[in-house]
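Data block below; observations after.
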Amino acid sequence: PVARGGKKPLSGKAITDVELLSLEEDTLDIVVTWNQLAVPNHHETDDGEQTDWRMMSGMFAVDNLTVGAFASLPPANIQALLAKFNRVPAKRGQTIINQGDAGDYYYLIESGRCKVSRLVAGSPVQLAELKEGDAFGEEALVADTVRNATVTMNTDGMLLRLSKQDFNDLLRAPLLQKVTGNEAERRVAAGATWIDVRFPAEYQGDGYPGAINIPLNDIRQASAALDPAKEYIVYCQTGRRSSAAAFLLSQRGLHAALLDGGMRARAGALESSE
């Protein structure tokens, strides 16, 4: 390092043409942590192939390590997480999850592309295309509900699969920050913003003052327009939809907290205090 802890920066003079690579210390620290924990872990697949986790570009892309779900993962969870992922080959045209099925796995795309579609009035409508480094399958796991879309491979590829129990223990719990109604109000007064993830008709009926309405179905696309410097408090009626939305936002590096128990719990707390 050329400077650390307030010390005077070092100086130097190039005696030939040079190229310099500069890394922020936080980014470097995250990458080094993952690298050192991943080195001894060679996961053996069903066909006997040993995989060096450092070579998995989708999972270990710098953006995923420094901004996404893994940036917030406690270091103590890293080794356990690496040991729990299964590497699964997938063929073009193969359906990975079906709309209406129970949630069972969380997926990361190591290589290849997938399309996400949903049945609308009996006809499939494509919603998005996912690429290397993208994740899917988390909504049904976080909200403990059925799959709301179908994911099919557009190309041959390789997926990293994590079971529901391991996902809950190692990823969901560290990422899903819950706040009480009183704490949420304090944060909103300090500058945080409410996000109502219910349908527009619900929001128009009793949405919180100052809240922005982003239905859960739109949260992935809308997250790109949110300010990463702001804090968001996500809510719905019961906390089920908002738990999935808060996880998705946190997974994308946004500061999002969940109103614990939703509007129902907050209303009950207000009534009992009167």
Side-chain angles (χ1 to χ4, degrees), residues 58-59 61-64 66-72 95-101 103 106-109 112-121 123-143 145-155 157 159 167 171-172 175-177 192-204 207-208 210-237 239-259 262:
M59 185 173 181
V62 171
D63 284 349
N64 281 353
T66 59
V67 178
F70 303 119
S72 302
T95 297
I96 307 302
I97 61 176
N98 271 303
Q99 181 177 345
D101 286 353
Y106 169 75
Y107 293 90
L108 276 166
I109 304 174
R113 290 179 176 268
C114 307
K115 67 177 179 181
V116 182
S117 61
R118 181 178 296 133
L119 286 176
V120 178
S123 299
V125 175
Q126 182 166 334
L127 305 177
E129 184 178 63
L130 305 179
K131 61 185 185 307
E132 293 179 4
D134 288 338
F136 62 90
E138 64 270 52
E139 294 176 52
L141 303 187
V142 176
T145 185
V146 298
R147 304 291 193 188
N148 63 6
T150 295
V151 177
T152 306
M153 296 298 297
N154 269 348
T155 67
L159 304 176
F167 169 85
L171 273 178
R172 179 181 182 271
L175 278 187
L176 203 56
Q177 180 192 164
T193 299
W194 291 111
I195 294 182
D196 188 320
V197 298
R198 300 175 299 164
F199 291 116
E202 296 175 279
Y203 165 71
Q204 291 166 9
Y208 292 159
I212 55 178
N213 181 217
I214 308 176
L216 176 59
N217 286 346
D218 299 328
I219 204 75
R220 289 177 184 269
Q221 292 78 11
S223 63
L226 297 176
D227 185 352
K230 286 186 64 69
E231 181 180 19
Y232 297 95
I233 310 296
V234 189
Y235 72 89
C236 66
Q237 199 67 29
R240 185 178 295 275
R241 281 176 284 176
S242 51
S243 65
F247 181 88
L248 288 168
L249 294 177
S250 296
Q251 189 181 38
R252 285 156 177 75
L254 293 161
H255 301 288
L258 164 69
L259 177 62

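The chain is numbered in sequence order, starting from 1. These numbers were taken from a predicted model, which means no experiment stands behind them.
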**Prompt:** Going through the distances and angles, do Phe136 and Ile97 end up as a side-chain contact (heavy atoms from CB on, under 4.5 Å)?
**Reply:** CA-CA 10 Å; Phe136 62 90; Ile97 61 176; 4.1 Å; yes
**Request:** Evaluate the side-chain contact (heavy atoms from CB on, under 4.5 Å) criterion for residues Asn98 and Arg147: first the C-alpha distance (whole Å), next the side-chain angles of each, then the deciding distance (0.1 Å), finally the verdict.
**Result:** CA-CA 7 Å; Asn98 271 303; Arg147 304 291 193 188; over 6 Å; no
**Message:** Checking Tyr107 against Val151 for the side-chain contact (heavy atoms from CB on, under 4.5 Å) test, could you report, in this order, the C-alpha distance in whole Å, the side-chain angles of both residues, the deciding distance, and whether it holds?
**Reply:** CA-CA 11 Å; Tyr107 293 90; Val151 177; over 6 Å; no
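Few gaps surround OH on Tyr203; more than 12 heavy atoms of other groups in view lie less than 6.0 Å from it.
A heavy-atom distance below 4.5 Å is found between the side chains of Ser243 and Leu176. Counting heavy atoms from C-beta outward, Asn217 and Arg118 have side chains that approach closer than 4.5 Å. Contact of the Ile109 side chain with the Lys131 side chain is not registered, since no non-hydrogen atoms from C-beta on lie closer than 4.5 Å. When side chains are defined from C-beta on, Phe199 counts as touching Arg241, because their heavy atoms get closer than 4.5 Å. In this structure, His255 and Gln177 have side chains that are not in contact, with every pair of non-hydrogen atoms separated by 4.5 Å or more. In this structure the side chain of Leu226 reaches within 4.5 angstrom of the side chain of Ile214, judged on heavy atoms. In this structure, the side chains of Asp227 and Thr193 stay at 4.5 Å or more apart for every pair of heavy atoms. Using a 4.5 Å heavy-atom cutoff, the side chains of Ile233 and Tyr208 are not in contact.
Annotation: the span from Tyr106 atom OH to Phe247 atom CZ amounts to 5.5 Å, rounded to 0.5 Å. Between Glu132 atom CD and Cys114 atom SG the span is 10.5 Å, to the nearest 0.5 Å. Atom CG of Leu248 sits about 5.0 Å away from atom CD of Glu138, to the nearest 0.5 Å. Taking CZ of Arg220 as the start and CG of Leu130 as the end, the distance is 7.0 Å to the nearest 0.5 Å. Annotation: the span from Lys115 atom NZ to Thr150 atom OG1 amounts to 10.0 Å, rounded to 0.5 Å.
Pairing each heavy atom of Ser223 with each of Leu249, the nearest pair is CB-CD2, 3.8 Å. In terms of heavy atoms, Cys236 sits closest to Arg240 at SG-N, 3.6 Å. Minimum heavy-atom separation, Ala245 to Val197: CB-CG1, 3.6 Å. The nearest pair of heavy atoms linking Ala211 to Tyr235 is CB-OH, 3.5 Å. When all heavy atoms of Leu108 and Ala135 are compared, the pair lying nearest together is CD2-CB, 3.7 Å. When all heavy atoms of Pro228 and Leu254 are compared, the closest pair comes out as CA-CD2, 3.6 Å.
Residues passing the ring pair (Phe, Tyr, Trp, His ring centres under 6.0 Å) test with Tyr232: none are found, sequence neighbours excluded. When the side chain to side chain contact (heavy atoms under 4.5 Å, CB included) test is applied to Thr155, the partners found at least two apart in sequence or on another chain are Arg113. Judged as a side chain to side chain contact (heavy atoms under 4.5 Å, CB included), and not counting sequence neighbours, the contacts of Gln204 are Pro200.
A donor-acceptor pair is defined here as one N or O able to donate and one able to accept, closer than 3.5 Å; such a pair exists between the side chain of Asn213 and the backbone of Asp196. A donor-acceptor pair under 3.5 Å is absent between the side-chain atoms of Asn148 and the main chain of Ala140, judged by distance alone.
Shown are Ile195, Leu259, Ile219, Val234; of these, the side-chain contact (heavy atoms from CB on, under 4.5 Å) with Ser242 is made only by Val234.
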